[in-house]
Protein chains: 2
Amino acid sequence: MAGRRQVANDPDRKDRIVAAALEVIVDHGVHKTTHRLIAERADVPLGSLTYYFDGLAAILEAAFRRLSSTMSVHYRQVLSAATTRAEACEAVAELICGTGYATPREMTALFEMYAYGNHDDAVRALGRDWLLVSRESLAVHFSEATCRALDALIEGWPMHRNFEGAPLDRELVLATVRAVVDRLEGEE
Amino acid sequence: MAGRRQVANDPDRKDRIVAAALEVIVDHGVHKTTHRLIAERADVPLGSLTYYFDGLAAILEAAFRRLSSTMSVHYRQVLSAATTRAEACEAVAELICGTGYATPREMTALFEMYAYGNHDDAVRALGRDWLLVSRESLAVHFSEATCRALDALIEGWPMHRNFEGAPLDRELVLATVRAVVDRLEGEE
DNA sequence: CAAAAGTGTGTACGTCTGTACATCACCGAC
DNA sequence: GTCGGTGATGTACAGACGTACACACTTTTG
């Protein structure tokens, strides 16, 4: 009978590969992401990639999984810290305007994920999950209808910031959020 | 002196290539878009692509230019048909929920464009232009601040529809649009 | 100790890629 | 007719790609 399994020499090597893959995706785009670029970035031999992963698609899926996981955490943190409706509105504005969620690099990665998800079932599922997570975080404070509307704002507005390059007008964002919340939830 | 220039055998061949490129992008994603796939789809010889375009990047740029042009037209049509504020709100809801703007295939193409734009300056500029066009179309009916908020909704909401697969709740969309407009423009 | 088993790596291979370019088909000028 | 000259194409090629796999190394087993 086989005894205790041996321990990997470098247990977090797999994680390093995934992290490196995400960086390559952000810097070059999925369309120019290759085994060799990732291996170089992660400082591991080329063979490691095929040893730990079943092809490039598996690496990309792991990278995007990491991305959505990272963002979900911050997303939930910001929203769960709010206790009143007013605070929740400010939290939403913070998500839209702030630099914590959706840094420029994360936005780039998110675009790549959305685009790639349309051609890869596993990543598409990841996108759906991410949608549900964000909606659940909002659902603590708002009705389902309001969640859908706010979610659209949270996704759409940072996209514009990404193209314009200029920071968003926080007052305007907050006013819009409050307008939606007041209307759909009923004033106060 | 050289006489009249000869006429191309197939003057709209270049257009066919661009159209085919966009289809390949939608079906396979930019990351799997190749000269050969495009040529096959357009039913032109491989050599035509290098004859008409300076590399794959140029083809992709032309394809995305075609996309944003197509969408701009419909976008403007829907918005310019409105004469009152109420009609303009319904036009915005139509853009978000309707099947004319942002068919599933167009949404996929748009994702590819946004993702690719982060790695190609020409396409990035295209994204900025598209942003300005949509904002100008809205500016006919609304203030600049309102345009920004509505634009975020118009971009963000169809993204969700894309992932959920289910059609949007038109009543909810319309109510949200009105909420934003009423608050930012002042009630009536 | 030797042997076996498992972990990790460097290299080599077949395929596919973008692109250059010699070549062809066609048309107007003479 | 012959002869450029231009639009267009099929092919060939160098390089990059994903991936398989023989091999080396380390640890456990006997």
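Per chain, numbering begins at 1; letters A, B, ... match sequence-line order. FYI, side chains are in, hydrogens and waters are out, and symmetry mates aren't considered; it's all heavy atoms of this structure.
- Proximity of A:T50 to the phosphate of D:dT19: no side-chain N or O atom is located under 4.0 Å from OP1 or OP2.
- Rounded to whole Å, atom C1' of D:dC13 lies 11 Å from atom CZ of B:R36.
- Contact annotation for B:L46: base contact, defined as any heavy-atom pair under 4.0 Å involving a base atom.
- For B:E40 and C:dT17, the CD to C1' distance is 15 Å, given to the nearest whole Å.
- Under 4.0 angstrom from either OP1 or OP2 of D:dG10 there lies no side-chain N or O belonging to B:Y51.
- Put simply, the side chain of A:S137 gets close to the backbone of A:V133: a donor and an acceptor are under 3.5 Å apart.
- Atoms CG (B:L49) and P (C:dC21) sit 18 Å apart, rounded to a whole Å.
- Note on B:S48: every side-chain N or O is 4.0 Å or more away from OP1 and OP2 of D:dA8.
- Taken from CZ in A:F64 to CG in A:L22, the straight-line distance is 7.0 Å, to the nearest 0.5 Å.
- Judged by the 6.0 Å and 45° rule, B:K14 forms a cation-pi pair with B:F53.
- The minimum heavy-atom distance linking A:E144 with A:R148 is given by the pair OE2-NH2, 2.9 Å.
- Considering only side-chain N and O atoms, B:H35 lies nowhere under 4.0 angstrom from the phosphate OP1 or OP2 of C:dT17.
- Between the CZ atom of B:F53 and the P atom of C:dA20 there is a distance of 15 Å, given to the nearest Å.
- A:K32 has its NZ atom 11 Å from the P atom of C:dG18, to the nearest Å.
- Taking every heavy atom of both residues into account, B:I25 and A:H119 meet most closely at O-CE1, 3.6 Å.
- Taking atom CG on A:L56 and atom P on D:dA16, their separation rounds to 17 Å, with Å as the unit.
- A:D54 places its CG atom 9 Å from the P atom of D:dA20, with the value rounded to the nearest Å.
- If you take CG of A:L37 and C1' of D:dG18, they are 13 Å apart, rounded to a whole angstrom.
- At a cut-off of 3.5 angstrom, counting only N and O atoms as typed in the model, there is no donor on one side facing an acceptor on the other between the side-chain of A:R13 and the base of C:dG8.
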